[in-house]
Chemist: 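Could you have a look at this structure, given as structure tokens, before my questions?
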Amino acid sequence: MTIKGQACIAGAYEHPTRKAPDKTVAQLHAECARGALQDAGLTLADVDGYFCAGDAPGLGANSMADYLGLTRLRHIDNTDTGGSAYLIHVAHAAQAIAAGKCDVALITLAGRPRTEGGSGVGVGQRLVTASTPDVPWEMSYSPVTVNMYALAAARHMHEFGTTSEQLAWIKVAAAAHAQHNPHAMLRDPVTVADVLASPLIADPLRKLDCCVVSDGGGALVVVRPEIARRLKRPVVKVLGAAETIKGQAGGQVDLTWSGAAVTGPAAFAEAGVKPSDIQYASIYDSFTITVLMQLEDLGFCKKGEGGRFVADGNLISGVGKLPFNTDGGGLCNNHPANRGGITKVIEAVRQLRGEAHPKVQVPGCHLALAQGTGGLLGSRHGSATLIMERE
């Protein structure tokens with residue numbers, strides 16, 4: 001069963017705070033839920049489907065549904081693939097709506113890693129337990145988030161001649177957009193030289209190659225098309241989606257590609273469009289290398305040509321061929337709960353509605369893509385691709 005045109009994103013909200021010492025995680029979830037529902041013109045009483053992931057406190061949906069006062073639920077989903085989970089939630093909500101399992105689905109994300117002492121740019125040990133299957137084989141080598149992405153970057157450079165200067169252009173584009181976002185954590189424009197001069201964190205990645213750590217969150221409301229058309233908001237249809245997990249493949253590991261090589265073609269096939277049709281792209285940007293590899297795997301350029309594709313401002317709105325992350329993305333705007341997937345969808349919805357900042361709004365934007373990654377490019381990760389269209 002296809003989900004093409006079977007559901008619409010009617011509400012989207014990004015929490016404005018980037019540090020929330022005075023709020024609980026549950027409170028942030030609730031404020032995001034209220035914001036998205038108000039944006040859609042709906043209320044908690046309308047919600048009959050609820051989606052959350054590992055950032056939700058307590059027993060996930062059990063705890064949050066009760067806290068939010070969701071009394072009409074007939075469908076729930078706790079799928080967790082890290083930062084990509086929220087794109088998967090949109091797809092699963094569309095599937096549930098198409099199957100008649102719910103009519104109004106609420107998706108929430110929130111967290112406080114900045115207030116609670118998040119691990120900077122990814123140098124802290126990942127949360128694992130003795131029962132995690134990879135622990136006996138991998139933890140003795142001390143993998144942390146940033147060095148696992150650095151491995152992918154180093155291999156890509158070795159295989160294809162990608163340079164640090166090319167990666168820096170991704171940060172330059174994100175910063176060019178973030179200067180117009182009053183809520184962005186980093187609003188100062190930067191140059192390639194600035195990125196290359198920032199401290200080395202894990203060779204070859206430097207500090208400005210890494211995303212920010214922020215509190216905050218976001219929420220989305222996915223509804224039946226007939227409901228969306230009754231609301232006083234532009235109609236954003238879900239056209240195609242796909243999800244996968246890329247793992248170690250029994251030791252046959254190629255670090256130069258991501259799960260987007262699987263999810264991209266599948267989502268484009270369901271949507272009935274091709275990469276060259278996309279007018280705006282929200283690309284998961286935990287690190288600059290994350291963006292470059294996903295752009296290749298999605299088909300915006302050939303494998304190994306990502307460095308040339310992102311260089312010279314090609315990702316800057318109004319300058320290049322493919323405007324990306326016009327809110328500043330995880331590199332400059334925010335990365336709530338260390339999970340940036342939901343904000344990728346939110347900014348894509350803004351672009352399709354024509355509600356992005358005028359300085360970065362893509363004229364006549366009617367077809368957009370959001371891409372999410374969750375986990376580690378250097379070992380195992382989830383990937384999700386979502387293609388949306390303004391009706």
Side-chain angles (χ1 to χ4, degrees), residues 80-88 91 122 126 134 143-160 162 166-167 170-171 174 202 204-205 209-211 240-269 275 278 281-310 315 322 324-325 329-331 335 338-341 343-345 348 369-387:
D80 191 5
T81 58
S84 57
Y86 315 91
L87 286 83
I88 293 176
R126 297 186 60 78
D134 51 272
V144 295
T145 300
V146 67
N147 67 27
M148 297 304 285
Y149 280 80
L151 278 176
R155 190 64 193 180
H156 201 281
M157 289 176 169
H158 173 77
E159 291 284 349
F160 306 115
T162 307
Q166 290 170 333
L167 288 179
I170 298 170
K171 176 71 172 191
L205 298 179
D209 285 302
C210 308
C211 68
E243 62 202 61
T244 196
I245 303 293
K246 182 194 175 190
Q248 296 281 8
Q252 300 299 312
V253 182
D254 182 347
L255 295 177
T256 65
W257 64 277
S258 72
V262 176
T263 59
F268 279 117
I278 299 297
S282 283
I283 307 294
Y284 202 94
D285 56 344
S286 47
F287 300 89
T288 52
I289 186 61
T290 321
V291 176
L292 187 146
M293 285 176 51
Q294 289 173 107
L295 287 171
E296 293 177 338
D297 295 332
L298 290 167
F300 289 109
C301 61
K302 293 180 180 179
K303 177 55 66 177
E305 296 182 1
R308 291 186 293 275
F309 184 82
V310 302
L315 302 181
L322 184 66
F324 104 120
N325 296 9
L331 289 171
H335 195 229
N338 294 322
R339 295 163 172 254
T343 51
K344 299 298 170 282
V345 182
L369 173 145
Q371 168 65 30
T373 296
L376 303 173
L377 284 187
S379 59
R380 59 197 58 79
H381 62 272
S383 175
T385 307
L386 186 65
I387 298 174

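Only this structure's heavy atoms are used, side chains among them; waters, hydrogens and symmetry mates stay out.
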Chemist: My understanding is that only one of Q294, K246, K344, M293 makes a side-chain contact (heavy atoms from CB on, under 4.5 Å) with T373; could you say which?
Modeler: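 In the set Q294, K246, K344, M293, the residue that makes a side-chain contact (heavy atoms from CB on, under 4.5 Å) with T373 is Q294.
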
Chemist: Please determine whether side chain to side chain donor-acceptor pair (under 3.5 Å) holds for the pair T385 and Q371, giving the CA-CA distance in whole Å, both sets of side-chain angles, and the decisive distance to 0.1 Å.
Modeler: CA-CA 5 Å; T385 307; Q371 168 65 30; 2.5 Å; yes

Chemist: Under 4.5 Å between any side-chain heavy atoms of P275 and F268, yes or no?
Modeler: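 A side-chain contact exists here, since the closest heavy-atom pair is under 4.5 Å.
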
Chemist: If every non-hydrogen atom of P143 is compared with every non-hydrogen atom of M148, which pair is closest and at what distance?
Modeler: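 It is CB-SD, 3.6 Å.
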
Chemist: Does Y284 form a side chain to side chain donor-acceptor pair (under 3.5 Å) with H381? I'd like the steps, not just the answer.
Modeler: CA-CA 12 Å; Y284 202 94; H381 62 272; over 6 Å; no

Chemist: Minimum heavy-atom separation for A153 and L205, please, with both atom names.
Modeler: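 For A153 and L205, the tightest heavy-atom pair comes out as CB-CD2, 4.1 Å.
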
Chemist: Identify the heavy atoms of I289 and Y149 that sit nearest to each other, and give their distance.
Modeler: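 Result for this residue pair: CG2-O, 3.8 Å.
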
Chemist: Apply side-chain contact (heavy atoms from CB on, under 4.5 Å) to W257 and D254, showing your working.
Modeler: CA-CA 7 Å; W257 64 277; D254 182 347; 3.4 Å; yes

Chemist: Inspect the contact between D134 and R380 and indicate whether a charged nitrogen and a carboxylate oxygen are less than 4.0 angstrom apart.
Modeler: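 Yes, charged N to carboxylate O under 4.0 Å.
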
Chemist: Can you see which heavy atom on G259 is nearest to which on S383, and at what distance?
Modeler: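 Heavy atoms only, the tightest pair is C-OG, 3.3 Å.
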
Chemist: L292 versus I170: any side-chain heavy-atom pair under 4.5 Å?
Modeler: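 Result yes, sub-4.5 Å side-chain heavy-atom pair found.
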
Chemist: Tell me which donor-acceptor pairs under 3.5 Å the side chains of residues 298-310 have, and how far apart each pair is, sequence neighbours excluded?
Modeler:
unit_1	atom_1	unit_2	atom_2	d
K303	NZ	T256	O	2.7
K303	NZ	E296	OE1	2.9
K303	NZ	D297	OD1	2.8

Chemist: Could you please spell out the steps behind the side-chain contact (heavy atoms from CB on, under 4.5 Å) verdict for V146 and C210?
Modeler: CA-CA 8 Å; V146 67; C210 308; 4.3 Å; yes

Chemist: How close do N325 and S282 get, counting heavy atoms only, and between which atoms?
Modeler: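 Residues N325 and S282, closest heavy atoms: OD1-CA, 3.3 Å.
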
Chemist: Do L295 and L322 have side-chain heavy atoms sitting under 4.5 Å apart?
Modeler: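 Yes. Closest side-chain heavy atoms under 4.5 Å.
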
Chemist: Could you pull out the closest heavy-atom pair between P204 and M157, with the gap in Å?
Modeler: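 Minimum heavy-atom contact is CG-SD, 3.6 Å.
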
Chemist: Please examine the side chains of L87 and L386, heavy atoms only from C-beta on, and report whether any two atoms are closer than 4.5 Å.
Modeler: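 Contact flag for L386/L87 side chains = yes.
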
